[in-house]
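In what follows, chains carry the letters A, B, and so on, assigned in the order in which the sequence lines appear, proteins first and then strands, with residues in each chain numbered from 1.
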Amino acid sequence: MLRLPAFALERPRTLRAALELLAENGQSAMVVAGGTDLLPNLKHELFDPKLLVSLAEIDELRGLCASAEGGLEIGAMTPLADVATSELARTRAPALAQACGLVAGPQLRTMGTLGGNVLLDTRCQWYNQTYFWRSALGFCLKKDGSACHVVAGGKKCVAAASNDSAPALMSLGAVLHFESASGAREVAIDEFFTGDGIQNKKIAPGEILTCVRIPPMPAGHRGAYGKLRDRGSIDFPLLGVAVRLDCSSKDVVENADLVLTALAAQPKRVKRASETLAGTKLGTPAFDEAAEKVAELAYQQCRPLANIPGDANWRHEMVPVWVRRTLAAAATEPNVTT
Amino acid sequence: MAARDNHGTSPPWGRSFGVLGQPHRKLDGLAKATGSAVYADDLALPGMLHAKTLRSPHAHARIESIDASKALALEGVHAVITGRDLPERYGVIPWTQDETALAVDRVRFIGDPVAAVAAIDEDTANRALKLIEVRYQKLTAWFDPASSLAAQTDRIHPDTKGPGNLSKHVHLCFGDVDGELAGAAHTIEGEYEFHGTTHAPIEPHCAVAAVDAAGLLTVWSSTQITHYVHRALAKVLHLEAHKIRVVQPCLGGAFGGKSDPFSLEFCVAKLAMLTARPVKMLYTREEVFYAHRGRHPMQMRYRTGVDKDGKLRAVDAKILIDGGSYSSFGLVTTYYAGQLLTGPYHFPTYRFDSTRVFTNKPPCGPKRGHGSVQPRFAFEIQLDELAGRLELDPIEIRRRNFQGDFTRTVNGQRVTSNGFLKCLDEVERLSRWKERRGKLGFGRGLGVAGSMYISGTNYPVYPNDMPQAGIQIKLDRSGLATVFTGGNDIGQGSNSMCAYIVAEELGLDLSAVRVVAADTDLCPVDLGAYSSRVTFMVGNATIDACRKLRGQIVQALAEKWQVAKERIRLIAGQALDLEDAARAISIAEAFQIAEARFDTLGSTGSYNTPTLGGDYRGGTIGAAPAYSFTAHIVEVDVDVETGQLTCENVWIAHDCGRALNPMIVAGQMEGSVYMGLAEALLEEHTLNRFGLHAGPNLLDYKLPTSVDTPELYARIVESIDPEGPYGAKEAGEGPLHPALPALSNAVFDAVGVRLRRLPFTPARVLSELRAAGVDAKRHAQAGLPARAEKGAR
């Protein structure tokens, strides 16, 4: 079995205490939530923290509730399984509930948290390997090396955003709430991810993601998340598609959004999706034609790289198929929004 | 064949069986389910050190120097060994011993073992590995078998004859193949490709060694060949074999992946001898991928000729086998690739030419269905192609070519019982083939395939005249029977099989039978769990030993009761006089009466194969005392937009002779199909462009989960083999074979496209569909719903 490196573990019971630990220990400390991704990464010697600050004992970070304005507030330490099965999440943010329900397998969803998934490290076939393997390779740009093996001569890391929750949250216009020893800040998730695979998140040292806020959806909101993967469970996405359809009372699309992930370092919003779908009525040929056009737009706008395992060209070919299928799923599911 | 080997096929006490033929738990089932079973890694001995292996980061290089001084200086490090400490070569096949425990002067693949460290714990050992300095001179690495065969420089094993990096070449011809092909009404030629796969047992390899005060070396190892490990340790360590004891603890799966001696067994033994402390080594999952010995990639060309009725006239095969870096069982693989195809169909003439080539990859070896899964894949597709050409039902062409039972194949193999036709009947009926094939609509289809597999082989890997399987039984005054078997229970239930037989023969409750297995100090030799030999051979040996004891008990009771022996029965924990019910006594009392009459009760039993095989070089390789037969029908759904294949149902009929425990037989049939489909759809043991394993972990190397597994319908067919124990044959490997070609044939039924290259990844399937002009629009026109379940397939 691969061994975990040595580190100290603190399990503070309050957010304040956790923030202080991070402030005191600076870059040598890391936060661990469910540990389902960090611990394997530690075994692969991708990180070398002296201290892990576990958030598992902090009750205030856990829980999902309706916000005062009619949206959702989800504590960062809420298990993915809880989000997936929450009636509130399934009605107010169906794409997110579906995405959380498709992360990994049942055991990992029980341990893994929403905050942990939002902050998931990017993934790459040349990176998520053991130290021996990476040393035989000569390492890579993202860790211990200077060359990218995905893009020959590439100077920028293109490891893939692989968190299923991120595109769903982007489609829902979610806001992330951070706290640090020096204060709090909120950032729209649209502004949070960058194209740098080494660190694709704008998070400062000492900050803890405490809460994910989802604004209220209009009455005719529909959503879906489609995930392409090799097996029916466990696997990270080869492609993730989050769909938002806000419809009138007569099922006419008024606003739409489409965000794809597992292509590059950053989830990608499909441009012109909303205007293409707007005005079409669900269940009519017009909607199907618009969906076909959006699928084609997505195909043109996306270029999956050979970052994660699997045939990159095939992943590209799957973009329009999964866009169409996920749009159809969002359109045909019973509208559960109240 | 010695008379002792044949015991008939009937129940020992009259017309029906008391224990056999019914479902029973495995002896170790509860222990495994509750976590109390003791595996190699569960062993902890006082003062035990932990060892780790330094591995080559280069695919092919000469070792110029190794400096371990810094590692040795690290606190907590007790010893470091390199190839110089264990230079003796070994290899499971005596004629091709080309392995050393640690690389002596040359590394041959990324992951080849170079040095081993023993330290107070794994972390210290790992730290020490990073302090060992090795200087390499890189050599040309050979990854493609065709170019490797032509290599002139930087040969992988410079002391082999060549040409190039040739490992083994076999060319055998039976009859006038060219003449028959020329005269055939139809001939078909095609190329087929089998990628590499590995076993991926749940338990990684682990070994523990200790040397006692008297100098006895004990090695506990997760092996399926205790006896061969014993011999290899003696050879490599230059120890007398009687000073070595090898024990196999409970084992977490093997599938052929633990049937070679492995580096870690020698390393822990040597390190224990050097440090005078017990030493354990547990492979990481990544190291299991490097140890490999998985299924050989094969490029196969088949040419088959039939007459106008679809009867085979000639089969001509040419096979290029990618062997990886060492020989392992490769000599046998190269023969098996040709020798095991001559059933269940009659081949009037046959030729095969197989060439195994070394490459700078983890070494290939035997995996469940050793050497014959790949040719079976090719041939069963080709048979379907011929059926198509002749407009015959694919089941019909198989029936027409059935070889029959009690026959001899063109390559000289003796076939005894053969239930293949019954297997075909069963899957045809259960799947409602006649009503459904070709009528399921575009995108959904049914495919059939058949196969044959050896039930043991008459070829021990080192030639000798001693029994291939031995058993000892000791009877205790308490009514307990203890069975000592060298057989390796690797999860297939061979220990349980011994217990069922003893319980049946001696009239015992299963709880009164204990099995001590796979311990070279305590148990008579058995050659190990490979070639599907254990039930057949150890089963026969067990009956042999039981019959001797039974004779003594019956005689003692007959004398004591003054009745004829025929009146005595040992059944359900009791000894009975059939004509005087009042005389019933417990088995324990019967044992005591027998012990008083004959002294301490014990017996041995053994089994040897009869003389088998063709009278030519290699003619005994693939010759088995019996063969099992299988037929599958696979139902597939093809997503023509994505190339994803979903197996919905698989019907499996398998002729295992007699099912000693039908629950275990059915489990083996289901597990075989699970594994076969996994190889077809998901598993890929491949190297990337740097010669590195593409993903040596269980996230990247994909095994199907429960949700990826079809409904499996296992139907046991019993042909009652005259020489098997009560008529039993194998069930652990044969039922894998047809799964892959039946899937390909089902895809053809679904969408009219032949998939001849494995694996059937969606990317590859989609490109094949597109190349054949199959597209989503046609799918939509057929009025079928898009397979658009949200989420994963």
side-chain contact (heavy atoms from CB on, under 4.5 Å), that's the test. Do B:Thr761 and A:Asp230 meet it? Break it down for me.
CA-CA 9 Å; B:Thr761 58; A:Asp230 288 313; over 6 Å; no

Sole candidate of A:Phe139, A:Trp133, A:Trp126 that passes ring pair (Phe, Tyr, Trp, His ring centres under 6.0 Å) when paired with B:Phe690
A:Trp126

Please assess B:Lys702 against A:Ile234 for the test side-chain contact (heavy atoms from CB on, under 4.5 Å), listing each intermediate value before the final yes or no.
CA-CA 10 Å; B:Lys702 295 190 187 300; A:Ile234 297 179; over 6 Å; no

List the steps, then state whether side-chain contact (heavy atoms from CB on, under 4.5 Å) holds for B:Gln644 with A:Met318.
CA-CA 11 Å; B:Gln644 287 171 314; A:Met318 290 305 97; over 6 Å; no

Answer key: most heavy-atom pairs under 4.5 Å with chain B among A:Leu2, A:Asp164, A:Asp235 is A:Asp235

Under a 4.5 Å heavy-atom cut-off, does chain B meet the side chain of A:Gln125, its backbone, both or neither?
neither

With rounding to the nearest 0.5 Å, note down the distance linking CD in B:Glu286 to CD in A:Gln129.
7.5 Å

Distance col, row B:Leu766:CG vs A:Asn313:CG, nearest 0.5 angstrom, shows 11.0 Å

Top contributor to chain A contacts, counting heavy-atom pairs under 4.5 Å, from B:Arg285, B:Glu684, B:Arg689
B:Arg689

Check whether B:Tyr290 gets within reach of chain A through its side chain, its backbone, both or neither, counting any heavy atom under 4.5 Å.
side chain

Which atoms of B:Arg770 approach chain A - backbone, side chain, both or neither, heavy atom under 4.5 Å:
side chain

Could you check which of B:Ile110, B:Leu703, B:Thr705 has the highest count of heavy-atom pairs closer than 4.5 Å to chain A?
B:Leu703

Are B:Lys130 and A:Phe132 in a cation-pi contact, defined as NZ or CZ under 6.0 Å from the six-membered ring centre and within 45° of the axis?
no

Side chain, backbone, both or neither: which part of B:Ala59 has a non-hydrogen atom closer than 4.5 Å to chain A?
neither

Are there more than 12 heavy atoms of other residues, nucleotides or ligands under 6.0 Å from atom CE of A:Met111?
no

Which heavy atom of B:Pro762 sits nearest a heavy atom of A:Trp314, and at what distance?
CB-CZ2, 3.3 Å

Criterion side-chain contact (heavy atoms from CB on, under 4.5 Å) on A:Asp311 and B:Arg764, from CA distance to verdict:
CA-CA 9 Å; A:Asp311 186 315; B:Arg764 183 175 279 181; over 6 Å; no

About how many Å separate CE of A:Met1 and OG1 of B:Thr284, when rounded to the nearest 0.5 Å?
10.5 Å

Look at atom CG of A:Leu4 and say whether more than 12 heavy atoms of other residues, nucleotides or ligands are closer to it than 6.0 Å.
yes

A:Arg3/B:Asp123 salt bridge by N-O under 4.0 Å criterion:
yes

Is a side-chain N or O of A:Arg231 found less than 3.5 angstrom from the main chain of B:Asp708, in a donor-acceptor match?
no

As an exercise, state the distance from OG1 of B:Thr642 to CZ of A:Arg325, rounded to the nearest 0.5 Å.
5.5 Å

Tell me, side chain or backbone of B:Asp41 under 4.5 Å from chain A's heavy atoms, or both, or neither?
neither

